Chemist: 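Got a structure here, written out as structure tokens. Questions coming.
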Number of protein chains: 2
Amino acid sequence: MAYRETTKVLEKKSQMRSEILRSAETLVRVGGFKALTIQALANDVNMSVGNIYRYFGNKDALSVEVFRHSTERELLAVAQAIQGKTDISQSLEAGVRVFAERAFRAPVLAWALIAEPVEPAVDESRLFYREAYARLFEKVIAEGVASGTLPQQIPALSAAAIVGALAESLLGPLEHNGPEQEVIDGLVLFCLRAVGA
Amino acid sequence: MAYRETTKVLEKKSQMRSEILRSAETLVRVGGFKALTIQALANDVNMSVGNIYRYFGNKDALSVEVFRHSTERELLAVAQAIQGKTDISQSLEAGVRVFAERAFRAPVLAWALIAEPVEPAVDESRLFYREAYARLFEKVIAEGVASGTLPQQIPALSAAAIVGALAESLLGPLEHNGPEQEVIDGLVLFCLRAVGA
DNA sequence: CAATAAAGTGAATCATGATTCACTTTATTG
DNA sequence: CAATAAAGTGAATCATGATTCACTTTATTG
């Protein structure tokens, strides 16, 4: 037994993995998934192309992990905003607002996560997380309907529609640097009216 | 001058082009753009791969033409539905209804036109036509706001949100064969409430 | 130091369709 | 039929990144 994976080595490896991931996220944040190539990534972390594969099984796995990690952060922020209010309308408004504000803070990332053409594996994750967003809104809407605060409706449908409305109406302003406050306020009103709040 | 392009030949060529296009549209209608390969298309029209290129400059041009042709048909149907009513609310309702009903009639095509991962050139057309849809709704909303039938809002923003809501909330039901009438009725209500009708 | 296993290298190869091209066939006219 | 130009063929090539792999270097232990 001449060689063993010592804690020090394992830690270093895990740190290296994190660094690669962080670097990959930056590539996407700046240039979208199109900018995330193994070559570019290897360059960024001063590593050979082949060695990246010791940390990630393949490109799909890497891309999906980048997508999930980035999206989880956004999803969490929206979830917290929603849970931070007790009033139904305020809850919805806070969720919409946080989603939109964060998108304006990092427009390329928002576009990459929402609408950039990506490999099918990433697109599947996109579907998954769109549903996750929808479930956040669905829960609030369902409560509202149950308590009579909101009119009768199919909460899952309204929630999906809200997610679509958010994504679609932000893309234009994000790309063309549209007027942030007007857009966000308009979106909030649209969504509140849409569910009958 | 031994050979000249006679009308007969030109007509045959133009007919052949239409046939190729029709065949390409069928491929997309059945299997999405992923199913549209030059090979498959050549097979379908009993033609060699190389010969396809005498009718279409390259794959992008072909795909884009297929996309535009298919989408124009949908757009026209929605435009006509909207123009068929004088009342603002009825106009919006008709537009939403026709869009959704047609999507349920051809779910794979709807998915291909709305959300399938496609080559960037086609994606650009997608953007273009999403804006075209938005303008249709925008016009109605702007009229409503001007006449006082609808509350104050940014028509372009509300219109984009409606397009997004339609696209997003249909994808699930289309894929899982959801309950058509409930979904369409729910969507109509959502959109009418959203603009304040 | 010797032995061992993982980390690291980067040029070569692969995968997947699109695209080309040297060649054949067909249509047209005098 | 001869000449001409377009229509048609399909195997070979290209393009673009991902992926592999034979090899080198580094870390660890007795």
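Small disclaimer: the values here were computed from a predicted structure and weren't measured. Proteins come first, then strands; the chains are lettered A, B, ... in the order of their sequence lines, and each starts at number 1.
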Chemist: Sorted by first residue and then second, give each salt bridge (charged side-chain N to carboxylate O under 4.0 Å, His left out) pair with at least one member in residues 17-33 of chain A; sequence neighbours left out.
Modeler: A:Arg17-A:Glu65, A:Glu25-A:Arg73

Chemist: Any side-chain N or O of A:Lys13 below 4.0 angstrom from OP1/OP2 of C:dA7?
Modeler: yes

Chemist: Rounded to the nearest 0.5 Å, what's the gap from CD on A:Gln153 to CD1 on A:Ile141? Could you check?
Modeler: 5.5 Å

Chemist: Would you kindly give the CD1-to-C1' distance between A:Ile20 and C:dA7, to the nearest whole Å?
Modeler: 11 Å

Chemist: Sequence neighbours left out, what passes side-chain hydrogen bond (donor to acceptor under 3.5 Å, both in side chains) with A:Glu101? Give chain and number order.
Modeler: none

Chemist: Starting at CG of A:Leu189, measure out to CD1 of A:Ile184 and round the result to the nearest 0.5 Å.
Modeler: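 Between atom CG of A:Leu189 and atom CD1 of A:Ile184 there are 12.5 Å.
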
Chemist: Taking only residues two or more places apart in sequence or in another chain, which ones pass side-chain contact (heavy atoms from CB on, under 4.5 Å) with A:Glu131?
Modeler: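 With neighbours one apart ignored, the set is A:Arg135.
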
Chemist: Listed by chain and number, what are the salt bridge (charged side-chain N to carboxylate O under 4.0 Å, His left out) partners of B:Glu93, not counting sequence neighbours?
Modeler: B:Arg97

Chemist: Check ring-ring contact (aromatic ring centres under 6.0 Å, His included) between A:Phe99 and all other residues, then give those that pass, not counting sequence neighbours.
Modeler: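 ring-ring contact (aromatic ring centres under 6.0 Å, His included) check on A:Phe99 returns A:Tyr133.
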
Chemist: Starting from P on C:dG17, measure out to CZ on B:Phe33 and report it in whole angstrom.
Modeler: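 Value for this atom pair: 16 Å.
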
Chemist: In this structure, how many angstroms lie between the C1' atom of D:dG17 and the NZ atom of A:Lys34, rounded?
Modeler: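 To the nearest whole Å, that distance equals 15 Å.
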
Chemist: For the pair made of CG in A:Asp60 and P in D:dA18, what is the distance, rounded to whole Å?
Modeler: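 Atom CG in A:Asp60 sits about 10 Å away from atom P in D:dA18.
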
Chemist: According to ring pair (Phe, Tyr, Trp, His ring centres under 6.0 Å), does anything in residues 43-94 of chain B pair up with another residue at least two apart or in another chain? List the pairs.
Modeler: none

Chemist: Could you tell me how far apart B:Arg17 (CZ) and D:dA7 (P) are, to the nearest whole angstrom?
Modeler: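 Taking atom P of D:dA7 as the reference, CZ of B:Arg17 is at 13 Å.
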
Chemist: Report the distance from atom CG of A:Leu10 to atom C1' of D:dA27, rounded to the nearest whole Å.
Modeler: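 Taking CG of A:Leu10 and C1' of D:dA27, I get 12 Å after rounding.
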
Chemist: What residues in residues 37-57 of chain A put a non-hydrogen atom under 4.0 Å from any atom of DNA chain D?
Modeler: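 Those residues whose heavy atoms fall under 4.0 Å from DNA chain D, taken from residues 37-57 of chain A in numerical order, are A:Thr37, A:Ile38, A:Val49, A:Gly50, A:Tyr53.
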
Chemist: Check the distance between D:dA18's C1' and A:Lys59's NZ and give it to me in whole angstrom.
Modeler: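 Computing the A:Lys59:NZ to D:dA18:C1' distance gives 8 Å.
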
Chemist: Among all residues two or more places apart in sequence or in another chain, which pass the side-chain contact (heavy atoms from CB on, under 4.5 Å) test with A:Glu119?
Modeler: A:Lys59, A:Asp60, A:Ser63, A:Val122

Chemist: Tell me the stems DNA chain C sits in, counting at least three consecutive Watson-Crick or G-U wobble pairs, each under 3.5 Å on both distances.
Modeler: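 Result, WC/G-U stems under 3.5 Å: C:1-30 with D:1-30.
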
